[in-house]
Amino acid sequence: MKDTELTERPLPLIHTEIWNEDPEPGNRYATRAAYCRGYDVYGEMVGNARWVEMLFLLFRPELPAPAALDLIEALAVALANPGPRDASVHAAMCGGIAGSNAAASLIAALSVGAGRYHGARDVHDAMRLWTRCGMDLSTWKACLDPVPQETADTWPQAEHPPGFEPHATVTPGATLTLLERLAAIARVAALPRLGWLLEQREALEQATGMGLAMSGVAAAALADLGFEPSEGEMLYLLLRLPGAAAHALEQQRKDYTQFPFYAVELEDDPAEKKEAV
């Protein structure tokens, strides 16, 4: 078959509800223009749109009010670096200090940060609670006990109410500050869940014997913004990756003895016991 025949053969249109591309007239495999929800990405959005506007459009069909964009941007700042004590960041740091490549370190962070303890699945489950309970305190109290799984699931059985910290009886200071700041932004956008959560925080702490976790605050914010639980789960994974990446790169430049969690001395060292014998 001649090259000209291959070039002239019409290609099927490849597009989704999210994305559409126009090919170059002389090279149908190259993109002349790309559109996200109808917006010209390279001709209109680049240089004019905020990153959170692009992020929002990839997940939802229309842009929200400016105050809602401020809310997701504030949440993104808060989640950008969970810190080295977070299990997902710790996993990425282990990859960095061990010399793993970039993808392996990020995959480690995604894998460890995906579950029901401070992870993305916890956000998913907490957002489902918002769907079931709305803003009714008595319904929340009735739904807070983990429901036993009746069928096999990808995830282990939940051991604590989603969105709460099982190792703290009150909400940590950073989490409370985040809730207060996000609730103030949400109030401007007339988004009610974060404000309700702030007002009922102490009642929920008493009902569970636990403080709120960052995942619980994130779930309320994402629910306020109209995201589905599956979308919130994805966004939570995505928004926490910058910190994992930065900490992994930092550890790549260091010796393993400088690793923050490196134990200089081991109690009951087996080697010492062998020498003593």
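Fair warning: this is a prediction, and the values are worked out from it, not measured in the lab. Positions are given from 1, in the same order as the sequence printed here. In what follows, every heavy atom counts, from backbone to side chain, and hydrogens, waters and symmetry copies are set aside.
Contacts of A174 classified as side-chain contact (heavy atoms from CB on, under 4.5 Å), with partners at least two apart in sequence or in another chain: M214. The ring-ring contact (aromatic ring centres under 6.0 Å, His included) test applied to F227 returns F56, not counting sequence neighbours. Residues satisfying the side chain to side chain donor-acceptor pair (under 3.5 Å) test with T31, not counting sequence neighbours, are E21. In this structure S138 satisfies the side chain to side chain donor-acceptor pair (under 3.5 Å) test together with D136, sequence neighbours excluded.
Among all heavy-atom pairs drawn from A203 and L137, the shortest one is CB-CD2, 3.9 Å. Across every non-hydrogen atom of L75 and A221, the tightest pair is CD2-CB, 4.1 Å. Considering all non-hydrogen atoms of both residues, P84 and V89 come closest at CA-CG1, 3.9 Å. C94 and F259 get closest at one heavy-atom pair: SG-CZ, 3.9 Å. For the residue pair Y236 and A218, the shortest heavy atom distance occurs at CE1-CB, 3.8 Å. Closest of all the heavy-atom pairs between M127 and G232 is SD-CA, 3.7 Å.
With values rounded to the nearest 0.5 angstrom, D125 atom CG is found 15.0 Å from W130 atom CH2. In this structure, the separation between NE2 on H160 and CD on E165 is 7.0 Å, given to the nearest 0.5 Å. Note: L79 CG to L235 CG = 9.5 Å, rounded to the nearest 0.5 Å. Here CD of Q251 is found 14.0 Å from OH of Y256. Values are rounded to the nearest 0.5 Å.
Listed by first and then second residue, the salt bridge (charged side-chain N to carboxylate O under 4.0 Å, His left out) pairs involving residues 250-259 amount to none (not counting sequence neighbours). Residue pairs satisfying the salt bridge (charged side-chain N to carboxylate O under 4.0 Å, His left out) criterion with at least one member in residues 31-47, sequence neighbours excluded, are listed as follows: D22-R32. Each side chain to side chain donor-acceptor pair (under 3.5 Å) pair with one or both residues in residues 225-234, not counting sequence neighbours, appears once here: R60-E231, R121-E233. Among residue pairs with one or both ends in residues 194-204, those qualifying as side chain to side chain donor-acceptor pair (under 3.5 Å) are R201-E205; sequence neighbours excluded. Evaluation of the ring-ring contact (aromatic ring centres under 6.0 Å, His included) test over residues 98-125, restricted to residues two or more places apart or in two chains, returns Y117-H167. Applying the side chain to side chain donor-acceptor pair (under 3.5 Å) test to every pair with at least one member in residues 72-86, sequence neighbours left out, gives these pairs: R50-E73, N81-H247, D86-S88, D86-R240.
Taking 4.5 Å as the limit, every side-chain heavy atom of P166 sits out of range of all side-chain heavy atoms of E159. Side-chain contact check for L129 versus C143: some heavy-atom pair is nearer than 4.5 Å. No side-chain heavy atom of Y39 sits less than 4.5 Å from a side-chain heavy atom of N48.
Remark: the backbone N or O of G173 is paired with a side-chain donor or acceptor of T177 at under 3.5 angstrom. Looking only at distances, a side-chain donor or acceptor of W140 sits under 3.5 Å from a matching main-chain atom of G134. At distances below 3.5 Å, at least one donor-acceptor pair connects side-chain atoms of T208 with backbone N or O atoms of L204.
Around the CE atom of M45, the shell of radius 6.0 Å holds more than 12 heavy atoms that belong to other residues, nucleotides or ligands.
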Atom pairs and distances, donor-acceptor, side-chain atoms in residues 178-194, under 3.5 Å, two or more places apart:
unit_1 : atom_1 : unit_2 : atom_2 : d
R193   : NH1    : A223   : O      : 3.4
R193   : NH1    : D224   : OD1    : 3.3

For residues 103-111, dump all side-chain donor-acceptor pairs below 3.5 Å to protein atoms at least two apart in sequence or in another chain.
unit_1 : atom_1 : unit_2 : atom_2 : d
S111   : OG     : I107   : O      : 2.8

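Follow the hydrophobic side-chain contacts under 4.5 Å out from Y29 and you never reach Y35; the two are in separate clusters. M54 and L237 fall into different hydrophobic clusters, defined by Ile, Leu, Val, Met, Phe, Trp and Tyr side-chain heavy atoms under 4.5 Å apart, directly or through other members. Using a 4.5 Å cut-off between side-chain heavy atoms of Ile, Leu, Val, Met, Phe, Trp and Tyr, with links allowed through other members, V52 and V77 fall into different hydrophobic clusters. Tracing side-chain contacts under 4.5 Å through hydrophobic residues (I, L, V, M, F, W, Y), one never reaches V112 starting from L239; they form parts of separate clusters. Linking ILVMFWY residues whenever their side-chain heavy atoms come closer than 4.5 Å, directly or via other members, leaves L241 and M93 in distinct clusters.
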**Q.** Criterion side-chain contact (heavy atoms from CB on, under 4.5 Å) on V170 and L212, from CA distance to verdict
**A.** CA-CA 7 Å; V170 295; L212 284 172; over 6 Å; no
**Q.** Check against side-chain contact (heavy atoms from CB on, under 4.5 Å), D122 and F164
**A.** CA-CA 9 Å; D122 196 50; F164 290 84; over 6 Å; no
